[in-house]
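In what follows, a single structure is set out as C-alpha cells and then discussed.
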Amino acid sequence: MSEQADHDWPVLESVVEYETGWYTGGYDRVEQPDGSEKKYYWAELPAAVVVVARSGDELVFVDQYRPAIGEGCLELPAGIVEDGESATTAGARELREETGFEAAGVSLLEDFWVATGVLRHRRAIVFAEGLSPTDRDLDDNEFLTVTTIPIDEALAVARAEPANDATIEGLLLAREEGLL
C-alpha cells in the first residue's frame with residue numbers, strides 16, 4: 001500500500017468563503033502525506049438527477065439556453081433532487097415538470113460523484129419508460145423546448161457542440177445496460 005493510501009489526510013480547517021442560493025464554496029486546509037499543508041478548494045452543489053426517457057424508438061430531450069456557457073444545449077431532462085426524495089422520485093418529477101411526460105416506470109442506473117477534483121456534487125442517472133403525456137409545470141427559470149431524438153442518433157446529437165457531460169453519461173450508461 002502506498003504512503004498516500006496509509007495517510008488519513010486530516011482536515012485542519014474547513015472554511016466556507018461564500019454561499020449562494022445555488023451552491024456553497026470554500027476550502028479545506030489539509031495535511032498532505034509529506035506533512036505539508038495545502039488548501040483544497042471546493043464548491044458544493046445539491047444532488048442532481050438526469051433522466052434517460054424512452055418513448056418507443058426515441059428519447060426525450062430538452063433544448064434550453066445555458067447562461068453559464070452562453071449557448072443553447074440539447075440535453076436530457078435533469079434537475080435537483082429535493083430533500084427527502086429518492087433519485088427515481090426526483091427523476092419522475094423532473095421529467096413530468098420539464099417535458100409533460102409521466103413515466104410508468106423509473107429505475108436507477110447509477111449514482112456517483114461529479115468532478116471530484118473540485119465539486120462536492122452527486123449525480124444520479126435514471127431510466128424512464130412507459131411515457132404518457134400530461135401537463136408540464138416549469139420552474140420560473142426554465143425556458144425550454146421538448147423534442148424527441150431517434151435512439152440511433154442520440155449519442156451523435158449529445159456529442160455535438162456544445163456537448164453536455166450528463167447527457168453523454170446518461171446515454172452511455174443506458175446503452176451499457178442494454179436499454180437503448
Side-chain angles (χ1 to χ4, degrees), residues 22-23 43-180:
W22 181 240
Y23 66 92
E44 184 174 68
L45 289 86
V49 63
V50 177
V51 185
V52 181
R54 182 172 182 163
S55 179
D57 291 331
E58 297 183 319
L59 297 177
V60 178
F61 274 62
V62 294
D63 190 358
Q64 63 183 322
Y65 182 75
R66 292 296 192 180
I69 63 169
E71 295 190 55
C73 291
L74 192 55
E75 58 195 37
L76 294 173
I80 298 302
V81 178
E82 302 291 343
D83 288 342
E85 276 186 321
S86 67
T88 53
T89 300
R93 178 184 49 75
E94 286 292 342
L95 179 66
R96 183 177 54 256
E97 289 175 359
E98 289 188 0
T99 71
F101 284 109
E102 188 79 43
V106 179
S107 56
L108 179 67
L109 299 181
E110 195 74 39
D111 185 356
F112 52 93
W113 288 104
V114 178
T116 55
V118 67
L119 294 182
R120 293 179 178 174
H121 177 57
R122 292 194 66 84
R123 176 182 297 152
I125 308 287
V126 300
F127 182 74
E129 57 191 333
L131 306 185
S132 59
T134 187
D135 294 329
R136 291 198 310 169
D137 183 18
L138 297 173
D139 292 337
D140 63 4
N141 67 332
E142 290 179 321
F143 301 90
L144 49 86
T145 304
V146 180
T147 189
T148 56
I149 306 289
I151 290 172
D152 60 357
E153 297 173 21
L155 189 56
V157 167
R159 294 177 75 179
E161 285 297 323
N164 172 285
D165 62 333
T167 296
I168 292 170
E169 291 165 349
L171 295 175
L172 291 176
L173 284 165
R175 186 173 74 182
E176 181 67 18
E177 293 293 323
L179 300 168
L180 304 181

Would you say the side-chain atoms of [X] pair up with the backbone N or O of [Y], donor to acceptor, closer than 3.5 Å?
X      : Y      : value
Arg96  : Glu98  : no
Ser55  : Glu58  : no
Glu153 : Pro150 : no

What do you reckon, is [atom1] of [X] surrounded by more than 12 foreign heavy atoms closer than 6.0 Å?
X      : atom1 : result
Asp83  : CG    : no
Trp113 : CH2   : yes
Glu176 : CD    : no

Separation of [Y] [atom2] from [X] [atom1] (nearest 0.5 Å):
X      : Y      : atom1 : atom2 : result
Leu109 : Arg175 : CG    : CZ    : 13.5 Å
Asp165 : Glu75  : CG    : CD    : 9.5 Å
Arg123 : Asp111 : CZ    : CG    : 11.0 Å
Glu102 : Asp135 : CD    : CG    : 10.5 Å
Ile151 : Leu171 : CD1   : CG    : 9.5 Å

Please find the pair of heavy atoms, one from [X] and one from [Y], that lie closest to each other, and give the distance.
X      : Y      : value
Thr99  : Pro77  : CG2-CG, 3.8 Å
Val81  : Glu85  : CG1-O, 3.4 Å
Asn164 : Ala166 : OD1-N, 3.0 Å
Ile80  : Arg93  : O-NH2, 2.9 Å
Cys73  : Pro162 : SG-CG, 3.7 Å
Ala154 : Leu59  : CB-CD1, 3.8 Å

Find out whether [X] and [Y] are in side-chain contact, i.e. whether some heavy atom of one side chain is under 4.5 Å from a heavy atom of the other.
X      : Y      : answer
Val50  : Glu169 : no
Val51  : Leu76  : no
Leu173 : Val52  : no
Phe143 : Gln64  : no
Phe61  : Thr148 : no
Val106 : Leu95  : no
Leu155 : Leu180 : no

Which donor-acceptor pairs under 3.5 Å do side chains of residues 126-133 form with protein atoms, sequence neighbours excluded?
none

- Message: Please enumerate all residues that pass side-chain contact (heavy atoms from CB on, under 4.5 Å) together with Ala48, with sequence neighbours excluded.
- Response: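 For Ala48 the side-chain contact (heavy atoms from CB on, under 4.5 Å) partners, ignoring immediate neighbours, are His121.
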- By side-chain contact (heavy atoms from CB on, under 4.5 Å) - contacts of Val118 (at least two apart): Ala115
